[in-house]
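Heads up, the thing below is written out as structure tokens.
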Amino acid sequence: MSIPTPRERHLLLSIHDVSPRFESAVDRLQSHLCRHAPEDRIALLVVPNYWGETPITAGSPFATRLRAWAERGTEIFLHGWFHRDLSGHRTSAARFKASYMTAGEGEFLGLDRAGAVKLMLDGRALLEDITGRDVAGFIAPAWLYGPGALEALADCRFALAEDHWKVWHPVTGRILSRSPVLTWASRSPSRIASSLFVARALPPLLRRLSVARIGVHPGDTGVPALMASIDRTIANVRKSHSPAHYRDLLGTEQTA
């Protein structure tokens with residue numbers, strides 16, 4: 001595999017689960033990541049009503065902050081609606097993903113096409129009304145999409161989407177980047193340990209790819225070892241990659 005030159009290498013940073021519920025944690029993560037990248041190169045993945053308990057409403061202080069971030073050039077992605085899985089799952093594969101790959105938060109894994117379209121359109125309308133700008137794209141909670149969600153993405157004509165392994169253009173299906181996303185898990189000691197191991201092992205691979213993706217979550221802020229690992233890992237990848245916007249990929253195809 002050929003190794004891209006440094007000027008061709010993009011580092012995509014994102015903060016997940018942006019919500020009034022986690023406002024202080026989001027602020028801490030943003031400050032942490034700004035050691036390595038400009039604020040506008042850190043994408044925000046926004047949940048309109050996290051678990052149905054903390055809705056974002058137009059005119060609220062949090063909505064005002066979202067608009068200010070967008071005005072400064074930060075990419076705002078729609079990240080589900082509730083971020084909570086309320087679906088029944090018919091297949092064993094879906095049940096495995098719903099229980100093992102996330103803590104009941106794979107909201108778009110079991111939705112049918114119509115249900116997914118409604119939440120996507122409602123969420124986009126809310127965020128675009130608040131920010132006065134188009135959303136950058138849609139990223140499903142836990143990066144989990146069922147067949148209905150994948151069909152809905154194209155119906156809703158989002159510019160960008162990503163899962164664990166790639167970034168793509170939903171309307172055409174064009175793959176913009178193939179690369180694993182590096183993230184951390186904080187919900188159990190075993191997941192913390194495995195996250196720390198992967199964060200040590202994966203950067204040498206990421207540094208050989210044109211696009212490196214790193215995503216962080218509010219729960220990371222409660223584990224000092226994870227925060228230190230995030231800092232170390234981004235510093236490592238920054239040796240070879242420059243912080244970029246997701247939209248910078250739209251002029252590329254199947255970046256490796």
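Values reported hereafter were calculated over all heavy atoms of this structure, with side chains retained and with hydrogens, waters and symmetry mates removed.
- Judged by distance alone, with hydrogens and angles left aside, the side-chain atoms of Ser177 form no donor-acceptor pair with the main-chain N or O of Val167 at under 3.5 Å.
- Checking side-chain atoms of Thr183 against main-chain N and O of Gly215 turns up a donor-acceptor pair under 3.5 Å.
- In plain terms, the two heavy atoms of Phe108 and Ala149 that are nearest each other are O-CB, 3.4 Å.
- Here the side chain of Glu23 pairs no donor or acceptor atom with the backbone of Phe62 at under 3.5 angstrom.
- When all heavy atoms of Asp40 and Thr74 are compared, the closest pair comes out as CA-OG1, 3.6 Å.
- Leu209 and Leu250 fall within the same hydrophobic cluster, defined by Ile, Leu, Val, Met, Phe, Trp and Tyr side-chain heavy atoms under 4.5 Å apart, directly or through other members.
- With Ser31 contributing its side chain and Arg28 its backbone, the two residues share no donor-acceptor pair below 3.5 Å.
- Ion pairing between Glu71 and Arg67 holds under the 4.0 Å rule for side-chain N and carboxylate O.
- Within the 4.5 Å cutoff, side-chain heavy atoms of Pro180 are placed close to those of Trp165.
- Between the side chains of His36 and Asp231, at least one donor-acceptor pair of N or O atoms lies under 3.5 Å.
- Taking every heavy atom of both residues into account, Leu182 and Val198 meet most closely at CD1-CG1, 3.8 Å.
- In terms of heavy atoms, His32 sits closest to Met227 at NE2-O, 2.9 Å.
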Would Cys156 and Val117 satisfy side chain to side chain contact (heavy atoms under 4.5 Å, CB included), going step by step from the backbone distance to the final call? CA-CA 7 Å; Cys156 295; Val117 164; 4.2 Å; yes
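- Hydrophobic clustering, with ILVMFWY side chains joined whenever heavy atoms are under 4.5 angstrom apart, keeps Ile175 apart from Val171.
- One finds the CD1 atom of Ile42 at 9.5 Å from the CG atom of Leu29 (value rounded to the nearest 0.5 Å).
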Go through it in stages, so that I can follow the logic: the residues are Arg157 and Asp134, the test is salt bridge (Lys or Arg N to Asp or Glu O under 4.0 Å), and I'd like the CA-CA distance, side-chain angles, deciding distance and then a yes or no. CA-CA 12 Å; Arg157 305 187 68 80; Asp134 292 344; over 6 Å; no
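- Every residue two or more places apart in sequence or in another chain that forms a side chain to side chain contact (heavy atoms under 4.5 Å, CB included) with Ser229 is listed here: Trp184, Leu196, Ala199, Arg232, Thr233.
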Do Ile139 and Asp163 pass the side chain to side chain contact (heavy atoms under 4.5 Å, CB included) test, and can you show the C-alpha distance, the side-chain angles, and the key distance before you say yes or no? CA-CA 7 Å; Ile139 299 174; Asp163 61 18; over 6 Å; no
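- In this structure, Arg9 and Val211 have side chains that are not in contact, with every pair of non-hydrogen atoms separated by 4.5 Å or more.
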Given Arg247 and Glu75, is the salt bridge (Lys or Arg N to Asp or Glu O under 4.0 Å) satisfied, shown in steps? CA-CA 8 Å; Arg247 61 178 174 264; Glu75 290 178 306; 3.6 Å; yes
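- Counting only N and O atoms by type, the side chains of Asp17 and His83 include a donor and acceptor under 3.5 Å apart.
- Residues forming a side chain to side chain contact (heavy atoms under 4.5 Å, CB included) with Pro170 (at least two apart in sequence, or on another chain): Leu153, Phe158, Ala161, Trp168.
- Residues Arg65 and Asp27 are paired through a salt bridge, judged by an N-O separation under 4.0 Å between the basic side chain and the carboxylate.
- Residues Glu39 and Trp69 are in side-chain contact: their nearest non-hydrogen atoms beyond the backbone lie under 4.5 Å apart.
- Residues Asn236 and Arg207 have side chains in contact (heavy-atom distance under 4.5 Å, counting atoms from C-beta outward).
- In this structure, Leu33 and Ile15 have side chains that are in contact, with non-hydrogen atoms separated by less than 4.5 Å.
- Two residues are said to be in side-chain contact when any heavy atoms from C-beta on lie closer than 4.5 Å; Pro38 and Pro243 meet this criterion.
- Leu78 has its side chain within reach of Pro48: a pair of non-hydrogen atoms, C-beta onward, lies under 4.5 Å apart.
- The cluster map of Ile, Leu, Val, Met, Phe, Trp and Tyr, joined by side-chain heavy atoms under 4.5 Å apart, puts Val135 and Leu121 in different clusters.
- Between the NE2 atom of His241 and the CG atom of Leu13 there is a distance of 11.0 Å, given to the nearest 0.5 Å.
- Contact of the Arg213 side chain with the His10 side chain is not registered, since no non-hydrogen atoms from C-beta on lie closer than 4.5 Å.
- Scanning all heavy atoms of the two residues, the minimum distance from Asn49 to Pro55 falls at OD1-N, 3.1 Å.
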Between Ile76 and Arg133, does a side chain to side chain contact (heavy atoms under 4.5 Å, CB included) hold up when you go through it step by step? CA-CA 9 Å; Ile76 306 294; Arg133 287 162 172 76; over 6 Å; no
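- Taking the six-membered ring for Trp and the full ring otherwise, His79 and Trp143 have centroids separated by 6.0 Å or more.
- Taking the six-membered ring where the residue is Trp, Phe77 and Tyr246 present perpendicular rings, their angle passing 60° and hence far from 30°.
- Taking OG1 of Thr131 as the reference point, atom CG of Leu44 lies at 11.5 Å (rounded to 0.5 Å).
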Yes or no on side chain to side chain contact (heavy atoms under 4.5 Å, CB included) for Ile214 and Leu12, after CA distance, side-chain angles and deciding distance? CA-CA 6 Å; Ile214 295 176; Leu12 302 180; over 6 Å; no
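- Here the CZ-NE2 distance, from Arg187 to His217, works out to 11.0 Å after rounding to the nearest 0.5 Å.
- His169 contributes atom NE2, which lies 7.5 Å from atom CG of Leu176 (distance to the nearest 0.5 angstrom).
- Of all the heavy atoms in Leu119 and Glu107, the pair that sits closest is CD1-OE2, 3.6 Å.
- For the atom pair OG1 of Thr64 and CD1 of Ile130, the computed distance is 9.0 Å after rounding to the nearest 0.5 Å.
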